[in-house]
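One structure below.
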Amino acid sequence: MKIVTFNINGIKARLDALTAYLQGAGADADVICLQEIKSVDEAFPREYFEAMGYRVETHGQKSFNGVAILSKLPLTDVRRGLAGGDGDDHARWIEAVVMGAQAVRVCGLYLPNGNPVEFDGNAPVQTGKYGYKLGWMARMQARVAEVLALEEAAVFCGDYNIIPQDIDCAKPEAWAKDALALPPSRAAYRQMLNLGLTEGLRAQNPNPGLYTYWDFQAGAWERNNGIRIDHHLLTPQAADLLTASGVDKSERGRERPSDHVPVWITLAA
DNA sequence: ATGTCAGCCGGAGGCTGA
């Protein structure tokens with residue numbers, strides 16, 4: 001089972017690039033988790049993807065955010081949103097059990113960016129957008145703990161908006177005070193890993209210079225000024241099935257590309 | 001910090017979010 005995460009930055013603007021990917025490097029993907037569809041469910045081109053052979057589940061909203069799952073395999077137990085949050089109306093979480101040779105729970109997520117961060121001296125103030133990010137991560141951790149307790153093969157993949165370590169970006173000094181790399185952000189990410197999850201790509205490739213996002217601005221792509229923020233986190237039962245992983249970097253060079261590229265893992269399931 | 005992009009409202013271009 002090949003599972004892709006891809007922040008497409010707008011389904012309407014990315015229909016051509018996504019179609020080309022699904023007919024090219026992504027043709028053998030069984031499951032594609034999409035982030036930032038920036039569309040309400042009714043406006044998502046469901047029939048278009050169904051005609052290409054995918055089941056389609058969306059959790060969208062107007063203008064911003066929004067996540068979806070495309071799957072060649074049947075889906076069950078589809079869930080939308082995280083518990084808690086008290087009125088949080090951001091569409092950032094969708095999950096389903098993918099019925100392959102072995103069932104795999106796939107959770108697609110779009111973790112809040114968290115910028116801009118306010119500082120009290122050198123300390124980031126954990127209110128506003130940054131507070132929302134950290135609060136959302138705590139809610140996600142609660143769901144991760146629930147899923148771990150099921151002791152099943154499960155994958156949490158998406159745009160985490162977390163640069164896990166300095167080796168995951170070209171210019172660490174430029175990100176030191178950014179919500180994507182601040183110590184509380186990295187600590188919250190590590191806390192989830194420490195519950196017993198394995199990062200799919202890193203488990204197989206320890207090298208620096210592996211990026212999944214290049215800013216549209218300041219020639220970031222041309223200068224390879226990238227960051228690695230799109231991740232697959234695997235439960236032990238899923239990690240035991242991990243056979244391969246990779247980044248489809250060349251998608252960033254397309255006409256009208258997203259600022260993110262697809263990241264994939266394959267499981268013996 | 002910014003050599004950018006997407007979507008909204010509204011019918012241009014300024015605003016938001018990233």
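FYI, side chains are in, hydrogens and waters are out, and symmetry mates aren't considered; it's all heavy atoms of this structure. Computed from a predicted structure; not experimentally measured.
- To the nearest angstrom, C1' of dC5(B) lies 18 Å from CZ of Arg254(A).
- Computed from coordinates, the Lys133(A) NZ to dG17(B) P distance equals 16 Å when rounded to whole Å.
- In terms of position along DNA chain B, the nucleotide closest to Asn225(A) lies nearer the 5' end than the nucleotide closest to the other residue of the pair Asn9(A) and Asn225(A).
- Counting to the nearest Å, the P atom of dA18(B) and the CG atom of Leu180(A) are 11 Å from each other.
- dA18(B) atom P lies 14 Å from atom CD1 of Ile162(A), rounded to whole Å.
- Comparing dG3(B), dC8(B), dT4(B) against the side chain of Gln217(A) picks out dT4(B) as the nearest.
- Picking from dA6(B), dG3(B), dG7(B) the nucleotide with the shortest atom distance to the side chain of Arg223(A) gives dG3(B).
- Taking the side chain of Lys62(A) as heavy atoms from C-beta on, and the options dC8(B), dA18(B), dA6(B), the nearest nucleotide is dC8(B).
- Of all non-hydrogen atoms in Asn225(A) and Ala170(A), the two that sit nearest each other are OD1-CB, 3.8 Å.
- Note on Arg14(A): a side-chain N or O is less than 4.0 Å away from OP1 or OP2 of dA6(B).
- Atoms CG (Asp215(A)) and P (dT2(B)) sit 13 Å apart, rounded to a whole Å.
- Lys38(A) has no side-chain polar atom (N or O) that falls below the 4.0 Å cut-off from OP1 or OP2 of dT16(B).
- At the heavy-atom level, Tyr213(A) lies nowhere under 4.0 Å from the strands shown.
- With rounding to the nearest 0.5 Å, the separation of CH2 in Trp175(A) from CG in Leu180(A) is 5.5 Å.
- Ala218(A) comes within contact range of at least one nucleobase, with a heavy-atom separation under 4.0 Å.
- Closest to the side chain of Asn113(A), out of dA18(B), dC5(B), dG7(B), is dA18(B).
- At the heavy-atom level, Lys129(A) lies under 4.0 Å from the strands shown only through sugar-phosphate atoms.
- In this structure, the side chains of Ile227(A) and Thr212(A) stay at 4.5 Å or more apart for every pair of heavy atoms.
- Heavy-atom neighbours of Asp77(A) CG from other residues, nucleotides or ligands within 6.0 Å: above the threshold of 12.
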